[in-house]
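Atoms within a ligand are numbered from 1 in the order they appear, just like the ligands themselves.
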Amino acid sequence: MPFSFARAICYNRDIMKILVTGASGLLGHAVAVAARASHRVVAQYLRNAPGGLPGALRLDLTDGAAVRAAFAETAPACVMHCAAMADPAGCERERDRAKAINVEATRLLARLCSEHDARLVFISTDLVFDGRRGMYVEEDPVNPVSYYGETKALAEKAVRGECPNHVIARCCLMYGRSPTGGRGADEVMLHALREGKEVRLFTDEYRTPVCVPDLARALVRLAEAAATGTFHCGGGERVSRYDFGLKICRAAGVDSSRIMATRIEEAQCVPPRAPDVSLDSSKLKSALGVSLLDVDGGLKLLYHSDA
Ligand SMILES: NC(=O)c1ccc[n+]([C@@H]2O[C@H](COP(=O)([O-])OP(=O)(O)OC[C@H]3O[C@@H](n4cnc5c(N)ncnc54)[C@H](OP(=O)(O)O)[C@@H]3O)[C@@H](O)[C@H]2O)c1
């Protein structure tokens, strides 16, 4: 079992109709696949039709009228909202587009969920924190240092304001197989190494990385649970980006000699790097009996099993 599952906790075991947004993305695709095991899934995408998810719905979530119409027609009992502009550098460059999809589309989905009595699981990020301390708990104040983090913090506020039956799942750096082959943190790094490039990784940047199929199953549990509010969904280990890179190479059997150790202050990062946005996810475990894999466990699942 990738995560532990406490028997005392009450889950809705009825088959739900779940709208999974961003099903062509790294996380959304895995969520749609995991949810399909026990629910009816409508998978939404925009530009890249997702493989293996027949009947996927092409929809621009920034087109309010189209979203309203699609929502009324689909009538989901739950929306798992994974779509976003999730690239911090892109959000910095294209602020209007980032705000439209990350904030305004989320606000509309939250409003529609409330109007139609649907549950909303909104995917947020560790980057709502400034990273000056690390091992953040849900009650810690947010203070994003990037525009991406700012949009997600604004979206969280909109979700809380619009939709009482919500879960905000703050997730961390994700690794795993993406439909495009280039979104997982491991995929990006291994691709560069295989092309013979040097990869510089920070020894002073810490995260609690999450293995995507493990996270996806935990998020489906959050969709099924009765609990509402904010949950940190970090992996079971706080690790530097440098050590994480070495572990990925070991698991994938790839030579790590072109990984160079560096420090944040030696790089000109735009947007600035939040040094330690590791998350304390003990609430997820105590409230729902769910804990996510550590890095070795996640890499074993990805590189040494059929999952
Ligand atoms: N990746 C990470 O390490 C990480 C870490 C923490 C939190 N998160 C959060 O996790 C969620 C998923 O991230 P991800 O990395 O899986 O993203 P991703 O791979 O970049 O996928 C983004 C998805 O959003 C869809 N999308 C973008 N703009 C859209 C629009 N205007 N209308 C409809 N769909 C649109 C894309 O559709 P098309 O491709 O079809 O255009 C794609 O399916 C996001 O909320 C992100 O903020 C990610």
(request) Only counting residues at least two apart or in another chain, list the ones meeting salt bridge (charged side-chain N to carboxylate O under 4.0 Å, His left out) with D204. (result) R263
(request) Mark the output for L59 as yes if a heavy-atom distance to ligand 1 is under 4.0 Å, and as no if none is. (result) yes
(message) Counting only heavy atoms closer than 4.0 Å, does ligand 1 sit against the backbone of Q44, its side chain, both, or neither?
(response) side chain
(request) Report the part of R47 (side chain from C-beta onward, or backbone N, CA, C, O) that has a heavy atom under 4.0 Å from ligand 1; answer both or neither where that applies. (result) both
(request) Establish, for the pair R241 and F202, whether the NZ or CZ atom is under 6.0 angstrom from the six-membered ring centre and no further than 45 degrees off its axis. (result) no
(message) Could you tell me, atom by atom, which parts of ligand 1 come under 4.0 Å of a heavy atom of T62?
(response) 31 (N)
(request) Would you check if there is a donor-acceptor pair between the side chains of T62 and R97 at a distance under 3.5 Å? (result) no
(request) Could you list the atoms of ligand 1 found under 4.0 angstrom from a heavy atom of Y45? (result) 40 (O)
(request) Work out whether the distance between some heavy atom of K152 and some atom of ligand 1 is less than 4.0 Å. (result) yes
(message) Heavy atoms only: which of P209, A83, P88 lies closest to atom 25 (C) of ligand 1?
(response) A83
(message) For ligand 1 and L26, I'd like to know whether there is a polar contact (N/O to N/O, distance under 3.5 Å).
(response) yes
(message) Using a 4.0 Å cutoff against the non-hydrogen atoms of S124, which atoms of ligand 1 qualify?
(response) 7 (C)
(request) Determine, using heavy atoms of Y148 and all atoms of ligand 1, whether some pair is separated by less than 4.0 Å. (result) yes
(request) Using the ring-ring contact (aromatic ring centres under 6.0 Å, His included) rule, collect all pairs that involve residues 247-278, keeping only residues at least two apart or in two chains. (result) none
(message) Nearest 0.5 Å, please: how far is CG in L222 from CD1 in I168?
(response) 12.0 Å
(message) Check this for me - ligand 1, G28, N or O atoms closer than 3.5 angstrom, yes or no?
(response) no
(message) Regarding atom 28 (N) of ligand 1: of the candidates L173, D87, I101, T180, which has the closest heavy atom?
(response) I101
(message) Ignoring hydrogens and geometry beyond distance, is a side-chain donor-acceptor pair present between Y148 and N102 at under 3.5 Å?
(response) no
(message) If the cut-off is 4.0 Å to any non-hydrogen atom of C82, which atoms of ligand 1 fall inside it?
(response) 11 (C), 12 (C), 44 (C), 45 (O)
(message) Any donor-acceptor pair under 3.5 Å linking the side-chain atoms of T21 with those of Q44?
(response) no
(message) Angle between ring planes, F129 versus Y136, binned at 30° and 60°: parallel, tilted or perpendicular?
(response) parallel
(message) Taking only non-hydrogen atoms of C172, do any sit less than 4.0 angstrom from ligand 1?
(response) yes
(message) Using a 3.5 Å cut-off on N or O atoms only, is L61 in polar contact with ligand 1?
(response) yes
(message) So, 4.0 Å and heavy atoms of H29: is ligand 1 close enough to count as a contact?
(response) no
(request) Report yes if the distance between the aromatic ring centroids of F71 and H116 is under 6.0 Å, otherwise no. (result) yes
